[in-house]
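Scope of the values below: all heavy atoms of this structure, side chains included, with no hydrogens, waters or symmetry mates. So that the names make sense, note that chain A is the first sequence line, chain B the second, and so on, each numbered from 1.
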Number of protein chains: 2
Amino acid sequence: MSTAEGIRRIALTPAARRALEAAGRLFYARGIHAVGVDLIAAEAGVTKKTLYDRFGSKEQIVVEYLAERDERWRTFLAGRLDAERPARERVLTVFDASRAWALENSPKGCSMVNAHAEISDPAHPAYPIITGQKQWMLDLFTGLCADIDPDRADRLGRTLMLLHEGALVAHGLNVFADPIAHARDEAGALLAAAGE
Amino acid sequence: MSTAEGIRRIALTPAARRALEAAGRLFYARGIHAVGVDLIAAEAGVTKKTLYDRFGSKEQIVVEYLAERDERWRTFLAGRLDAERPARERVLTVFDASRAWALENSPKGCSMVNAHAEISDPAHPAYPIITGQKQWMLDLFTGLCADIDPDRADRLGRTLMLLHEGALVAHGLNVFADPIAHARDEAGALLAAAGE
DNA sequence: CCTCCACTATACAGATCGGTATACATTGGG
DNA sequence: CCCAATGTATACCGATCTGTATAGTGGAGG
């Protein structure tokens, strides 16, 4: 349900939680390779010994960072998606949730996309988290569209996916004002014309 | 016209050209911070002395990498955009060009977006190249839409921008097959309904 | 009391980072 | 013919990288 793979297995002690919080903040803001473990330790008020006792390697910290962010986003979205509402409305809710999430968590765009810029190797343990989230979002859109216009669900779902991803990028690069709201409106127009 | 700022000023001697080619290939594939100058020098068959004689710093190599890639893309696109054709068709040509470019140059998505994941500081000399290209693309789409439906040019241009950016991301992350062709078709459908 | 556990503190290893210095070879143009 | 530009080769700098080793502290539970 939540994170596709059973990747998270580390018990987060208080110090480990602080470290993961600091690592996530730094990774997102500066990039993964630009942040060293010494900086993470210092920023979290934790020694490197503790870091390596809890996580074992920097790579594992990266994995935990992405897995937690993925899980948080899915939980955040699930908490706003009311299964009772019609599918058309739920699609708009996805964009609304994305907008709210981006405003307070993602000034620099999607963390998965940004991580993918630095982690190209498909054998990297964090890779399935990245592609998994995108696949999950596509399936979500397509599934909602199946309730609106079953014949065009695949096509509609993919278009919503592109609008959504494009909006996240445009948001991160400040291409124009409030692109996620714009994407929401376009999604609404698209769905208004569908399923009639 | 070509690159917005007058950033490029280095005369590219043969060794410098080889170095820039290697640097670009490595930066794109592995990420900017993950590639050291020693590796660039070795891969290009050039000494570090030559690198620093030509470029002065790693940062400048990064700037040249992005400036050249930006310039190449604009030239590539300009060579395919026939000013004689109607605007609707030219929009589709942009997507066709983007698809062809991505297939042979960008298996990992947009190099500007990927660079932005590692260069967050707006004061970085490469920053205006990144945002400049996105702004240029938005203006291009909006300008074309002004010839189709002047009243909705801004809105249409932004939507095309989102579809295009989303397609590049989806292409880089392999979310589904041939997303840029899908975006092209959706752009066509969008414009068919406009300006009537 | 005693053991386990999470944690701190510090020092260090080996490699790599961006960048510089010295010395020498090759080349083309005035 | 000389000179400047371009290049190679190699050694080095201090800083930082991931990761490890040693030693010790404080609290919770049986």
Side-chain angles (χ1 to χ4, degrees), chain A residues 8-66 115 117-121 123-127, chain B residues 8-66 115 117-121 123-127:
Chain A
R8 158 76 52 65
R9 36 195 80 235
I10 287 178
L12 287 184
T13 61
R17 176 146 291 287
R18 264 182 295 148
L20 190 54
E21 181 278 326
R25 181 166 36 80
L26 292 165
F27 283 158
Y28 182 78
R30 308 189 192 181
I32 292 171
H33 285 125
V35 173
V37 290
D38 294 271
L39 178 60
I40 295 172
E43 200 83 0
V46 159
T47 59
K48 278 207 294 174
K49 179 78 164 61
T50 300
L51 269 194
Y52 279 91
D53 283 347
R54 296 298 129 234
F55 296 95
S57 68
K58 180 189 177 180
E59 187 174 79
Q60 190 59 33
I61 302 179
V62 174
V63 170
E64 299 283 341
Y65 153 59
L66 292 172
E118 300 194 75
I119 302 173
S120 37
D121 180 14
H124 193 288
Y127 202 84
Chain B
R8 159 76 48 66
R9 37 193 79 236
I10 288 178
L12 287 184
T13 62
R17 176 146 291 287
R18 264 182 295 149
L20 190 54
E21 182 278 325
R25 180 167 37 83
L26 292 165
F27 283 157
Y28 183 76
R30 308 190 192 182
I32 292 171
H33 285 125
V35 173
V37 291
D38 294 88
L39 179 59
I40 295 172
E43 200 84 359
V46 158
T47 59
K48 279 208 291 176
K49 176 77 160 61
T50 300
L51 270 193
Y52 278 91
D53 283 348
R54 296 299 124 231
F55 296 95
S57 69
K58 180 188 177 182
E59 187 174 78
Q60 189 58 35
I61 301 179
V62 174
V63 170
E64 299 282 340
Y65 153 58
L66 291 172
E118 300 194 75
I119 302 174
S120 37
D121 180 14
H124 193 289
Y127 203 83

Which residues share a side-chain contact (heavy atoms from CB on, under 4.5 Å) with B/Y28, sequence neighbours left out: B/Y65, B/R69, B/S106, B/P107, B/K108, B/S111, B/N114
Say whether, by atom type as modelled, one donor and one acceptor occur between the side chain of B/R17 and the main chain of B/L12 under 3.5 angstrom. no
Rounding to an integer number of Å, can you tell me how far A/H33 NE2 sits from C/dG18 P? 13 Å
Would you say B/S57 places a side-chain N or O within less than 4.0 Å of OP1 or OP2 belonging to C/dG19? no
Which residues share a side-chain contact (heavy atoms from CB on, under 4.5 Å) with B/T50, sequence neighbours left out: B/A15, B/V46, B/T47, B/R54
For B/E59 and C/dC17, what is the distance between atoms CD and C1' respectively, to the nearest whole Å? 15 Å
Could you measure the distance from the CD atom of A/E21 to the CD1 atom of A/I40? Nearest 0.5 Å is fine. 11.0 Å
Output a table of donor-acceptor pairs, distance under 3.5 Å, between side-chain atoms of residues 30-37 of chain A and any protein atom two or more places apart or on a different chain; print 'none' if there are none.
{"residue": "A/H33", "atom": "ND1", "partner": "A/E118", "partner atom": "OE1", "Å": "3.2"}

Which whole-number value in Å describes the distance from B/I61 CD1 to C/dG18 C1'? 10 Å
Spacing between B/D53 atom CG and C/dT22 atom P, to the nearest angstrom: 14 Å
Hey, does the side chain of A/R18 come within less than 4.0 Å of C/dC7's phosphate (OP1/OP2), counting only N and O? no
For B/R30 and C/dT16, what is the distance between atoms CZ and P respectively, to the nearest whole Å? 13 Å
Heavy atoms only: give me the nearest A/P125-A/E59 pair and the separation to one decimal. CG-OE1, 3.5 Å
Once you round it to whole Å, what is the distance between P of C/dC7 and CG of A/L12? 10 Å
Shoot me the first and last contacting nucleotide of DNA chain D against chain A, ordered 5' to 3', at under 4.0 angstrom to non-hydrogen atoms. D/dT18 to D/dT22
Which part of the nucleic acid, if any, lies within reach of B/T13 when heavy atoms closer than 4.0 Å are counted: base, sugar-phosphate only, or nothing? sugar-phosphate
For A/A16 and A/F55, work out which heavy atoms get closest and say how close. O-CZ, 3.7 Å
According to side-chain contact (heavy atoms from CB on, under 4.5 Å), who are the partners of B/E43, at least two apart in sequence or on a separate chain? B/A22, B/R25, B/L26, B/L39
A/D121 to A/Y127 - nearest heavy-atom pair and separation: O-CD1, 3.5 Å
Short of 4.0 Å, heavy atom to strand atom, which residues of residues 37-49 of chain A count as contacting DNA chain D? A/V37, A/D38, A/K48, A/K49
